[in-house]
Amino acid sequence: MKIYIDGKYYSERDAKISVFDHGLLYGDGVFEGIRAYNGRVFKLKEHIDRLFYSAKAILLTLPLPHARIMEAVVETCRRNKLRDGYIRLVVTRGAGTLGLNPNRCKNPSVIIIADKIQLYPEEYYRKGLEIITVPTTRNLHSALNPAIKSLNYLNNILAKIEAANSGCEEAIMLNAEGFVAECTGDNIFIVKGNHLLTPPLSAGALYGITRQTVIDLAKKSGLAVAEPNLTRYDLFNADECFLTGTGAEVIPVVKIDGRIIGTGKPGPVLRRLVEQYHALTNSSGEPIYE
Ligand code: PMP
């Protein structure tokens, strides 16, 4: 595997960064998780846009312009002969001192790893996930805005541990007001009648690229999409529930906090959206080899 660090490619063994990097010392940096399907990088522009927005929010000046980062992602895929895979793009604040001061970090580092994909086990896509609400609430906007895809993922990791301790793969995180925000690495949707509902971004969710793609697909196929505040009660009484994310794609949820959702099986709206989503992933994106 060839890993990109600051313009050079290294073998897995030699791909190393400083122990003084504030990405390591403080989780000070931003990242993206991107997918390649069928020789194309899916929604690359959208991911790089979001990387720039996250960086702006933490006052991190990226060392390369938008187009150059896009090129580096595509080139890393090419060097790894990747057609289908998962790309991790990381920008750290760079090496500094042991103190917090980010001004001591002169050179942010850009790291790109292009690897094989790690999906949920196939069974969950067929049968659906059982998930639970966990005690750890989503970060407050006023503390660390969940819209920032930063290297500081402890909020999500704690929730993930709580889910795993209860035998679940994913966790529903509420915000401080008790409304549904999102899951630890996925956005959440419900279907109620002819409506597709997902929490508003202001409830404390990442501006999910899969979320937006699914909203667009649903609107095109005539579903009414809305983004109201949702409570656990709304989830329990939904006809269908599913999660979206670059890694997970679109995955059904059939049980939440012990309540069976709808028929307890992946529903027709989910099935149609999964089909449409895959049609899109297989036919669009930034070409790696042309
Ligand atoms: N929420 C969180 C907290 C995430 O980390 C992610 C990405 N894994 C998502 C939602 C889904 O976002 P996207 O569809 O852009 O991958």
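Both backbone and side-chain heavy atoms feed into the values below; hydrogens, waters and symmetry mates do not. In what follows, residues are counted from 1 in the order of the sequence shown. What you see is a predicted model; the values in this text were computed from it and never measured. When a ligand or atom number is given, it counts from 1 through the structure's own listing order.
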Does T246 reach ligand 1 with a nitrogen or oxygen that is under 3.5 Å from one of the ligand's nitrogen or oxygen atoms? yes

Selected option - heavy-atom contact closest to atom 10 (C) of ligand 1, from E182, E32, R50: E182

Any nitrogen or oxygen of K149 lying under 3.5 Å from a nitrogen or oxygen in ligand 1? Just yes or no. yes

I need the atoms of ligand 1 closer than 4.0 Å to a non-hydrogen atom of Y153, numbered in the order shown. 2 (C), 3 (C), 4 (C), 5 (O)

Return the closest protein heavy atom for atom 14 (O) of ligand 1 as residue, atom name and distance. T210 OG1, 2.6 Å

Considering both backbone and side-chain atoms of I209, is one of its nitrogen or oxygen atoms within less than 3.5 Å of a nitrogen or oxygen in ligand 1? yes

Answer yes or no: is there an ion pair linking R78 with E75, defined by an N-O contact shorter than 4.0 Å? yes

Would you confirm whether N152, through its side chain, and G27, through its main-chain N or O, come within 3.5 Å as a donor-acceptor pair? no

At a non-hydrogen distance cut-off of under 4.0 Å, which region of N156 contacts ligand 1 (side chain, backbone, both, or neither)? side chain

With a 4.0 Å cut-off, would you call K45 and D49 a salt bridge? yes

So between A205, A248, G208, G185, whose heavy atom ends up nearest atom 9 (C) of ligand 1? G185

Considering the heavy atoms of G245, write down every atom of ligand 1 situated less than 4.0 Å from one of them. 11 (C), 14 (O), 16 (O)

Identify the heavy atoms of K43 and T213 that sit nearest to each other, and give their distance. CE-OG1, 3.4 Å

Would the Y207 and Y53 ring centres measure less than 6.0 Å apart? no

Does this structure show an ion pair linking R211 with E182, if we count only N-O contacts that are shorter than 4.0 Å? no

N/O of H47 under 3.5 Å from N/O of ligand 1, yes or no? no

Would you call D186 and Y120 a side-chain contact if the rule is heavy atoms closer than 4.5 Å? yes

Among the heavy atoms of T184, does any lie under 4.0 Å from an atom of ligand 1? yes

Distance under 6.0 Å and angle within 45° of ring axis: R93 vs Y26: no

